[in-house]
Every structure is written in C-alpha cells, then in structure tokens.
K.L.:
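Quick one: this structure, given as structure tokens, is what I'll be asking you about.
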Amino acid sequence: PGAKGSLKHIQRLVNDVPGLLETEIKQLLPNAKLEPIQWVSPLACENYAEYRDDDFLRVLGLSGHAPELARFWPRFGPQWDALGRSAYMSQADEPKQVFLIEAKAHVREIVSPPCKAASQRSASLIRDSLAEAKDYVHSASEADWAGYFYQYTNRLAHLYFLRERLHVDAYLAFTYFVGDEAMHGPRSRGEWESALTVMKRYLGIDKKHKLSRYMLDVFVDVRDSIYHSAI
C-alpha cells in the first residue's frame, strides 16, 4: 500500500471509493455513452500492482494487440497509476471503453525527467511515435516532447495509439489531488490549473485538438468527506 501522495490516494480511490472517480469522469463526459467502469488496477487483492507494456493491454482485455504496441513503443513504456474498462464487452470480445489514469498530488510531479531510452533503436521508435502524436494534435510548439514533460507526452501518445491505431474507445484521465498537506500539494483547483496551463502551452496543446475530448483533468479534494466515507 502507498503511504503518501498520489500513490496512496489513487489506491484509496480505486479500492475504497471507486464510484467517486467514475462519477468525476462521467461528469466531464456528459455526451459520451459510457458503460459502468470496472477498475482493474491497482487492486488490493493483487498487491496494488501497476501495469505496463503487454500487461497493461492484458488487464484491459486488449492482449491481442501486443504486436501493434511493440511496433509503436519499446518495452518499459508508461506504467499506469490506474486502469479501468467497461464492464460490458463489444462484439469483438473487447471492452467497449478503456480508461487510463495518471495521478499527481503536487505540482513538482508534472515535471518529469526526459526520455532515457536504453538503446538508439528504442529512442528512435519513441521519438517517431511522439512526433506522430504531436503531428496528430497539430502542436506547433518547438518543444521537445521527449524532454521535461515526457511523462505527460508519452501518456498522450498511448491515448493516440489506442484510439487511432487500434480504434479503441479510450480515455485518458489525469487525476490531480487537491489539499494533500503532507506533500505540500495545491490547496485549490485553481493552483493546479495555473500550472497545467503553462505546461500545455509549452507543449502546444493548450487549444482544442483532435484528442481533447478524450483527455480529462479530474480534480479530487482529499479533504472532502466523500473521499473519506469508505476509509
């Protein structure tokens, strides 16, 4: 179990008050026909395991697409803080929707180290895929997407992969916790939004783009009574 910060909070959301995160997501997608969400990680019964690479596809019910992922991204790709899928399956025996979650408890977390691919082949594949996603959202920024906001851009690239390469109805929910005093996190939603505006403008995605409607900023105040209701 996580002892503090976003690790602790996302584990609590998924295992103790899963309906809270689902409600927040659905409120941001009023026109989407969303099925009930089944959270598949991080589960207490699985020692709060987080997944990446083939395993993240497997727990989402998309394991048949592992070869396509290997052509898009090398091993040791994003490790997802939480993953969810619709409780109902499509005619292709895959979930009707999937949900990718990246969680943060303080502003410093949004500034991540640059890409440190182990080989030239991996670095080249990553840069090609980031460039493909960057072009898709029409970012005019000259910023290096493999630079200091790499964690954000590689998550965006995987959303692009799921939606445009696999044609999966996928959503990416960045979950920002408000009021985490132990981590000296933002005390208001506005503090988060100010920092996120700077990052998005730097990356050239501060305006509406082709993935905007599938990328959500979810704010959860850890001081709210509903967050503690089942804890």
Side-chain angles (χ1 to χ4, degrees), residues 6 9-10 13-14 20-35 37 39 41 52 56-57 60 62 69 72-73 77-86 95-105 107 109-112 126 129-141 143 145-178 186 189-220:
S6 57
H9 296 310
I10 199 65
L13 274 186
V14 167
L20 174 58
L21 184 54
E22 179 175 359
T23 297
E24 293 292 332
I25 289 172
K26 289 185 174 180
Q27 286 179 346
L28 293 171
L29 297 166
N31 299 319
K33 296 180 180 179
L34 298 183
E35 304 286 348
I37 300 175
W39 298 110
S41 76
R52 70 195 325 162
F56 113 83
L57 292 179
L60 288 176
L62 300 171
L69 179 60
F72 182 77
W73 207 268
Q79 180 168 302
W80 299 98
D81 292 331
L83 295 166
R85 65 187 185 191
S86 56
K96 291 185 177 181
Q97 288 113 19
V98 300
F99 302 87
L100 315 176
I101 309 297
E102 179 66 26
K104 305 294 182 193
V107 171
E109 287 185 284
I110 69 174
V111 182
S112 57
I126 288 170
S129 295
L130 286 174
E132 188 176 324
K134 185 177 181 181
D135 182 66
Y136 182 79
V137 298
H138 299 300
S139 168
S141 171
W145 274 32
Y148 284 100
F149 294 111
Y150 173 62
Q151 191 178 69
Y152 189 94
T153 58
N154 69 38
R155 268 61 173 176
L156 186 157
H158 278 69
L159 175 67
Y160 164 79
F161 167 75
L162 290 173
R163 294 203 67 90
E164 300 306 316
R165 290 280 195 95
L166 303 188
H167 306 293
V168 171
D169 190 13
Y171 299 85
L172 173 57
F174 291 97
T175 304
Y176 301 106
F177 294 103
V178 177
R189 171 174 174 164
E191 288 182 52
W192 269 122
E193 290 176 330
S194 295
L196 296 174
T197 296
V198 172
M199 178 187 67
K200 292 176 183 179
R201 188 162 296 173
Y202 175 78
L203 295 172
I205 54 172
D206 53 318
K207 304 289 194 300
K208 284 188 177 181
H209 53 77
K210 287 193 280 187
L211 289 177
S212 292
R213 70 181 70 180
Y214 313 111
M215 296 175 62
L216 315 174
D217 288 340
V218 177
F219 300 92
V220 176

K.L.:
With rounding to the nearest 0.5 Å, note down the distance linking CG in Asp81 to CZ in Arg155.
P.N.:
7.0 Å
K.L.:
Do the non-hydrogen side-chain atoms of Val168 and Pro95 ever get within less than 4.5 Å of each other?
P.N.:
no
K.L.:
In Å, rounded to the nearest 0.5 Å, how long is the span from OG of Ser86 to CG of Asp169?
P.N.:
8.5 Å
K.L.:
List the steps and the verdict of side-chain contact (heavy atoms from CB on, under 4.5 Å) for Asp217 and Trp192.
P.N.:
CA-CA 10 Å; Asp217 288 340; Trp192 269 122; over 6 Å; no
K.L.:
Quick one: does Gln151's side chain get under 4.5 Å of Glu102's, heavy atoms only?
P.N.:
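Yes. Closest side-chain heavy atoms under 4.5 Å.
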K.L.:
Could you tell me if the side chain of Arg165 sits less than 4.5 Å from the side chain of Glu132, heavy atoms only?
P.N.:
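The answer is yes, as the side chains (C-beta and beyond) meet within the 4.5 Å cut-off.
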K.L.:
Please examine the side chains of Val98 and Leu83, heavy atoms only from C-beta on, and report whether any two atoms are closer than 4.5 Å.
P.N.:
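A side-chain contact is absent here, since even the closest heavy-atom pair is not under 4.5 Å.
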K.L.:
Taking ring-ring contact (aromatic ring centres under 6.0 Å, His included) as the criterion, tell me which of Tyr152, Phe149, Phe99 meets it with Phe174.
P.N.:
Tyr152
K.L.:
Does Asp206 pair with Arg201 as a salt bridge, N-O distance under 4.0 Å?
P.N.:
yes
K.L.:
Less than 4.5 Å apart, side chain to side chain, heavy atoms only: is that true for Leu162 and Tyr214?
P.N.:
no
K.L.:
May I ask you to test the His158-Leu69 pair for a side-chain heavy-atom distance under 4.5 Å?
P.N.:
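Side chain of His158 against side chain of Leu69, heavy atoms only: contact under 4.5 Å found.
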K.L.:
Are Leu211 and Leu172 side-chain neighbours, meaning at least one heavy-atom pair lies under 4.5 Å?
P.N.:
no
K.L.:
Would you call the rings of Trp80 and Phe56 parallel, tilted or perpendicular, taking 30° and 60° as the class edges?
P.N.:
tilted
K.L.:
Does a side-chain heavy-atom distance below 4.5 Å link Tyr150 with Leu130?
P.N.:
yes
K.L.:
To the closest 0.5 Å, what do you measure between CG (Leu156) and CG (Leu203)?
P.N.:
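Separation between the atoms: 8.5 Å.
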K.L.:
Angle between ring planes, Tyr160 versus Phe72, binned at 30° and 60°: parallel, tilted or perpendicular?
P.N.:
tilted
K.L.:
Give the C-alpha distance, both sets of side-chain angles, the deciding distance and a yes or no for side-chain contact (heavy atoms from CB on, under 4.5 Å) between Glu35 and Arg85.
P.N.:
CA-CA 9 Å; Glu35 304 286 348; Arg85 65 187 185 191; over 6 Å; no
